[in-house]
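I have placed the structure first, in the form of C-alpha cells, so that the comments after it can refer back to it.
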Amino acid sequence: MIGLKFNFIGIILLFATQGILFSQNISLSGFVNEKGSREVLPFVHIRILGTNQGTNTNNYGFYSLQIEKMTEIDIEVSCIGYKTINYKLN
C-alpha cells in the first residue's frame with residue numbers, strides 16, 4: 001500500500017508540473033525616454049494590466065519583464081510628473 005501511495009503522489013506531481021514545463025513566457029524589455037529631449041527616465045513604473053506583474057526602470061531607463069504569453073497585452077507606463085500612457089500589444 002505504501003508503494004501505491006508514493007506512485008500516486010508522483011503522478012499528481014507530474015501533471016501539476018506539466019503546465020509549468022509547457023507554458024510559454026515572453027520577455028518585454030527596452031528603454032523609457034522623454035519624448036522631447038529623448039533623455040532616459042529612471043524609476044518609471046511599467047505594469048501589465050489585468051495581472052500582478054510589473055517592474056521599474058533602472059537608473060539608465062532600462063526595464064526587463066518576463067510575462068506569460070497572452071493574445072493581447074495591455075501595458076501601463078507611469079511616472080510622477082508625467083502623463084500615464086497605455087499601450088496595447090497584439
Side-chain angles (χ1 to χ4, degrees):
M1 194 67 170
I2 293 174
L4 180 63
K5 190 174 185 179
F6 286 120
N7 286 338
F8 181 69
I9 291 172
I11 290 171
I12 290 175
L13 289 175
L14 175 68
F15 287 119
T17 58
Q18 199 171 27
I20 296 169
L21 294 175
F22 294 107
S23 67
Q24 294 180 342
N25 290 334
I26 58 173
S27 177
L28 293 177
S29 62
F31 290 87
V32 177
N33 52 16
E34 189 176 29
K35 186 176 182 179
S37 68
R38 310 280 301 161
E39 184 177 338
V40 295
L41 297 174
F43 314 116
V44 175
H45 186 67
I46 292 105
R47 184 170 71 110
I48 308 302
L49 298 176
T51 70
N52 61 352
Q53 295 178 298
T55 189
N56 293 318
T57 59
N58 63 12
N59 292 339
Y60 306 105
F62 179 77
Y63 71 94
S64 180
L65 185 62
Q66 294 286 327
I67 63 169
E68 191 172 315
K69 188 173 183 179
M70 299 180 276
T71 56
E72 191 171 270
I73 301 169
D74 293 318
I75 302 171
E76 179 183 84
V77 181
S78 61
C79 184
I80 295 174
Y82 290 90
K83 180 181 170 186
T84 299
I85 299 174
N86 291 324
Y87 292 100
K88 188 173 293 236
L89 302 176
N90 296 329

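Please read these numbers as outputs of a predicted model, since none were measured by experiment.
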Grouping I, L, V, M, F, W and Y whenever their side-chain heavy atoms are under 4.5 Å apart, do [X] and [Y] come out in a common cluster?
X: Leu28; Y: Ile85; value: yes
X: Tyr82; Y: Val44; value: yes
X: Ile26; Y: Leu89; value: yes
X: Leu49; Y: Ile73; value: no

Measure across [X] and [Y] and return the closest heavy-atom pair with its distance rounded to 0.1 Å.
X: Ser27; Y: Ser64; result: OG-OG, 4.2 Å
X: Gln53; Y: Ile67; result: OE1-CG2, 3.5 Å
X: Asn25; Y: Glu68; result: OD1-CA, 3.4 Å

With rounding to the nearest 0.5 Å, note down the distance linking [atom1] in [X] to [atom2] in [Y].
X: Arg47; Y: Glu76; atom1: CZ; atom2: CD; result: 4.5 Å
X: Asn56; Y: Ile46; atom1: CG; atom2: CD1; result: 7.0 Å
X: Thr84; Y: His45; atom1: OG1; atom2: NE2; result: 10.0 Å

Apply the test side chain to side chain contact (heavy atoms under 4.5 Å, CB included) to residues Val32 and Phe62: give CA-CA distance (whole Å), side-chain angles for both, the deciding distance (0.1 Å), then the verdict. CA-CA 7 Å; Val32 177; Phe62 179 77; over 6 Å; no
Does Glu72, at its CD atom, have more than 12 non-hydrogen atoms belonging to other residues, nucleotides or ligands within less than 6.0 Å? yes
Keeping the roles fixed (side chain from Thr51, backbone from Ile48), state whether a donor-acceptor pair exists under 3.5 Å. yes
Between the side chain of Thr57 and the main-chain N/O of Leu41, is any donor-acceptor distance below 3.5 Å? yes
